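Down below is the structure, laid out as structure tokens.
Note that the coordinates shown come from a computational prediction; the quantities given were computed from them, not determined experimentally.
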Amino acid sequence: MATVVEIIFLGTGTSSSVPTIACLTNPEKSCPVCLSTQTPEGIKNNRRNTSMVVRYPSAVEILPRYGVRELDGVIITHGHADACYGMDDLRGWTLGGAIQQRINVYLAPETMEVVARTFPFLVDSSLATGGGEVADFKYHVFDPKKDFTIEGLDFTPLAVHHGIYMTTKEPYICYGFKFDGVSYISDTNFIPADTMQLIQGKSRIFVVDCLRCK
Ligand SMILES: [Zn+2]
Ligand SMILES: [Zn+2]
């Protein structure tokens with residue numbers, strides 16, 4: 001199995017990023033975190049929306065700042081807006097084969113449904129309008145109970161609770177992933193016991209979100 005050589009956190013903020021416009025413009029100036037982002041000492045508190053790049057030897061380069069260019073795969077954690085609405089922007093990679101002909105996208109069955117509903121033209125290009133091309137994706141719907149592999153690196157889906165469905169009060173499931181001993185869970189408020197078994201004592205790095213609401 002491939003070995004991870006680098007993980008790059010592109011964002012570690014909330015879905016709305018940090019700072020928020022509400023805090024920045026609040027006349028009461030009550031949020032020290034958001035306000036700190038405007039000072040030289042607090043600049044590190046600027047946090048983009050949550051996402052991460054995983055680099056391992058067989059991967060080619062991706063984003064320019066990190067010397068990264070081609071994407072071996074994109075994994076979508078869940079169907080919320082902040083997790084998948086950036087998909088259309090991936091067209092920069094595939095328009096006219098600018099960087100690559102197509103991007104492999106990995107997602108759970110329920111996330112595939114959301115993407116198909118939200119971006120019908122990204123699933124069926126005959127539904128596109130306008131003069132340009134749309135992003136070219138190959139979708140890989142993973143079985144939440146089975147590992148999948150991208151260019152030699154195995155990923156184990158980690159099903160976690162991420163709030164509830166407002167209608168049924170059932171837990172809404174989001175996926176974290178374990179790869180080469182790194183367990184990454186970006187959006188959760190409860191980790192079920194069977195998922196905990198997959199990560200506890202088996203992770204050399206554990207990344208988990210923590211969000212305090214006042
Ligand atoms: Zn704030
Ligand atoms: Zn979410």
Side-chain angles (χ1 to χ4, degrees), residues 7-18 47-56 59-144 146-151 153 155-160 162-163 165 172-179 182 184-188 207 209:
I7 53 180
I8 303 163
F9 293 96
L10 299 180
T12 58
T14 62
S15 53
S16 49
S17 305
V18 179
R47 306 281 175 179
R48 294 191 183 92
N49 183 315
T50 297
S51 62
M52 183 169 82
V53 166
V54 179
R55 173 182 264 167
Y56 48 103
V60 195
E61 285 74 32
I62 316 174
L63 310 171
R65 180 170 159 198
Y66 299 101
V68 166
R69 180 167 166 84
E70 192 166 332
L71 301 174
D72 289 329
V74 170
I75 306 174
I76 310 286
T77 55
H78 64 299
H80 280 168
D82 59 309
C84 67
Y85 278 21
M87 285 181 70
D88 184 62
D89 294 333
L90 292 172
R91 68 187 184 277
W93 270 258
T94 63
L95 286 197
I99 293 176
Q100 58 198 94
Q101 290 303 322
R102 157 177 281 213
I103 299 173
N104 290 303
V105 174
Y106 298 80
L107 67 187
E110 62 270 30
T111 312
M112 185 72 236
E113 282 176 26
V114 175
V115 170
R117 222 168 39 231
T118 310
F119 299 113
F121 59 96
L122 291 182
V123 176
D124 177 355
S125 61
S126 71
L127 300 174
T129 51
E133 294 173 51
V134 296
D136 199 337
F137 295 134
K138 180 167 173 46
Y139 292 96
H140 305 265
V141 177
F142 61 75
D143 178 339
K146 290 189 185 148
D147 290 6
F148 59 92
T149 304
I150 305 177
E151 297 290 329
L153 185 63
F155 290 82
T156 305
L158 304 170
V160 295
H162 175 27
Y165 285 94
Y172 174 74
I173 302 298
C174 168
Y175 295 91
F177 298 91
K178 183 163 72 118
F179 47 93
V182 180
Y184 173 81
I185 299 177
S186 62
D187 296 75
T188 188
V207 182
D209 71 304

For the student: nearest non-hydrogen atoms of Gly97 and Gln101, plus distance: CA-NE2, 3.8 Å

Neighbour count above 12 (heavy atom, 6.0 Å) for Phe121 CZ: yes

Arg91 side chain to Asp88 backbone, donor-acceptor under 3.5 Å: yes

Euclidean distance, Thr188 OG1 relative to Ile173 CD1, rounded to 0.5 Å: 8.5 Å

Side chain to side chain contact (heavy atoms under 4.5 Å, CB included) partners of Asn49, counting only residues at least two apart: Ser17, Asp82

Within the 6.0 Å centroid threshold, strictly below: Tyr165 and Tyr172: yes

Polar side chain donor-acceptor pair, Ser186 to Asp209, under 3.5 angstrom: no

Residue pair Val134 / Ser125: nearest heavy atoms and the distance that separates them: CG2-CB, 4.1 Å

Closest approach of Gly92 to Ala98 (non-hydrogen atoms, all atoms of both residues): O-CB, 3.7 Å

Pairwise side-chain contact, Val74 with Trp93, heavy-atom cut-off 4.5 Å (strictly under): no

Glu70 side-chain N/O to Gln100 backbone N/O, donor-acceptor pair under 3.5 Å: no

Min side-chain heavy-atom separation Met87-Val105 under 4.5 Å: yes

Check: Leu71 and Leu90 side chains under 4.5 Å, non-hydrogen atoms: yes

Heavy-atom side-chain proximity of Thr111 to Tyr139 below 4.5 angstrom: no

Closest heavy-atom pair and its distance - His78, Cys174: ND1-SG, 3.5 Å

Shortest non-hydrogen contact from Arg47 toward Thr12: CD-OG1, 3.1 Å

Residue among Phe142, Phe148, Phe137 satisfying ring pair (Phe, Tyr, Trp, His ring centres under 6.0 Å) with Tyr106: Phe148

Whether Tyr175 and Phe177 hold their rings parallel, tilted or perpendicular, with breakpoints at 30° and 60°: tilted

Leu10 backbone acceptor or donor facing Ser51 side chain under 3.5 Å: no

Nearest heavy atoms of Pro144 and Pro157, plus distance in Å: O-CB, 3.6 Å

4.5 Å side-chain heavy-atom contact, Val207 and Ile185: no

Sub-4.5 Å side-chain heavy-atom contact between Val123 and Met112: yes

Nearest-0.5 Å distance, CG of residue Leu158 to NZ of residue Lys178: 7.5 Å

pair Ile75-Thr77: side-chain heavy atoms closer than 4.5 Å: no

Heavy-atom side-chain contact between Tyr184 and Val54 under 4.5 Å: no

